[in-house]
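One structure below.
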Amino acid sequence: MGAEPVSDRGGVAERTILDVLDVAAIKRDFPILEREVNGKRLVYLDSASSSQKPQSVLDAMDEHYRDHYANIHRGVYTIAEESTTSYERARTKMANLLGAASTSEIVFTKNVTEAINLVAYSWARANLSAGDAIVVTEMEHHANIVPWQILAAERGVELRWIPLTDGFRLDLSRLDELLDGAKLLAVSALSNVLGTTNDIRPLADAAHAAGALVLVDAAQAVPHCRVDVQQWDADFVGFTGHKMLGPSGIGGLWARAELLEAMPPFLGGGEMIRDVRQDGFTTNEIPWKFEAGTMPIVEATGLAAAVDYLERLGIDAVHDHERRITAYALEALQERFGERLTIYGPREIDGRGSAISFLFEGIHAHDISQVLDEDAVCVRAGHHCAKPLMRVLGVPATTRASFYVYNDESDVDALVESLAKAEKFFAI
Ligand SMILES: Cc1ncc(COP(=O)(O)O)c(C=O)c1O
């Protein structure tokens, strides 16, 4: 590949690691944040759903399409090799970001949902049968529930649920009982609804002691905090590019090499084979054994640029920044609205991420979101793909604001002002 594209927008794209995020400079790196909606400055507070993309990611993808595009792993001509190098470079970057032992432990998929399905269809179907159990938690996203429900229905596997405490954390008082005889613990590192962070290492230790493997849905963790798969001692970790400043269409699975080696292929087709005969086939080496068909090539280049961007900011600085903004938002919401606004998630900043779900008594979450849109404040309303959790909480939907590297106090203030307008609007 040629020289790595850099932003000339005066942002942080080409700077070195910052201790404290310069949000004004970061905002300049995201072209969409320059636009207005309904005549107002765009206030994007839906990064838990999908993040915006910096110019450097857009440039990297544009450059790949313009100057280096060809299919990967096939051609021996120059641009095919450049395209392959760029794709594989993304794998190296993700392996480094996650602390993987080797690049062969990173399998690219189209998103975390596909990564979890890969484990469900390959590892779980090879290893679980009637009478086995999988432990999930009540705060999981549908992506970490439904693949196991499909398996449970097909195989007679039991699904057990770790409940929640009143403080919106996992109630681990019966963990050993739930893990007894289980083959897998499937848990998210950070809830997309509650914002709760789960301490993975003790969960992994307990699961391993019970003879179960551990799958971590890290969709919300990888963009926001340091993830080290070795420190977690997990067996499978899923991530998704579009929440971490990268493009949609690419995500992946980290898994221990020996597990990937032993697992049967998931999808069949081109790329994942070494040989095909009329009487059968042999699979490619890992990770390509799990990468059937033409992969999201240019998206991988965009993901690599996203990792570069995050690393330039410093993932610890990103995490600290989000803690500050979230603490500011929790306080501002409480101060302004008091008991009229219920937050579904931990009130304390330790052990929580930046997603804040809430409800005003008597006002539907969707109505709030619609009024906020008039002020160009983008928040998510709904069940957030966590309907079992909504049932536990006893609500059909919540409004959720979530913060990322390009949000600062002015965005929180805009949220609070717009919420005050909405509250007044719906007052009877
Ligand atoms: C915790 C969690 N898991 C899984 C997903 C699914 O991500 P994707 O649609 O990229 O597969 C999400 C997306 O909201 C999420 O927040």
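No hydrogens, no waters, no symmetry mates; every other heavy atom, side chains included, goes into these values. Every number for a ligand or one of its atoms is a count from 1 in the order of the listing. Position 1 is the first residue of the sequence; numbering continues from there.
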Backbone of [Y] reached by a side-chain donor or acceptor of [X] within 3.5 Å:
X    : Y    : value
R155 : R125 : yes
K183 : A124 : no
S104 : P287 : no
T92  : E88  : yes

Query raised in the report: Testing L203, T196, T165 for side-chain contact (heavy atoms from CB on, under 4.5 Å) with L170, which one passes?
Result: L203
Just which atoms of ligand 1 are under 4.0 Å from any heavy atom in [X]?
X    : value
N192 : 16 (O)
T113 : 6 (C), 8 (P), 9 (O), 11 (O)
Q220 : 1 (C), 15 (C), 16 (O)
N111 : 8 (P), 10 (O), 11 (O)
H242 : 8 (P), 10 (O)
T240 : 8 (P), 10 (O)

Query raised in the report: Can the ring centroids of Y309 and F30 be said to lie less than 6.0 angstrom from one another?
Result: yes
Report task. Tell me whether the centres of the aromatic rings in F360 and F337 are closer together than 6.0 Å. Result -> yes
[atom] [closest protein heavy-atom partner, distance rounded to 0.1 Å]:
atom                    : value
atom 1 (C) of ligand 1  : D217 OD2, 3.5 Å
atom 15 (C) of ligand 1 : H141 CD2, 3.3 Å
atom 13 (C) of ligand 1 : K243 NZ, 2.5 Å
atom 7 (O) of ligand 1  : V112 CG1, 3.2 Å

Report task. Could you please spell out the steps behind the salt bridge (Lys or Arg N to Asp or Glu O under 4.0 Å) verdict for D308 and R89? Result -> CA-CA 11 Å; D308 284 345; R89 184 171 151 267; 3.4 Å; yes
Report summary line: So for A219 against ligand 1, with non-hydrogen atoms under 4.0 Å, the contacting part is side chain
Query - ligand 1 contact on H384 by region, counting heavy-atom pairs under 4.0 Å - result: neither
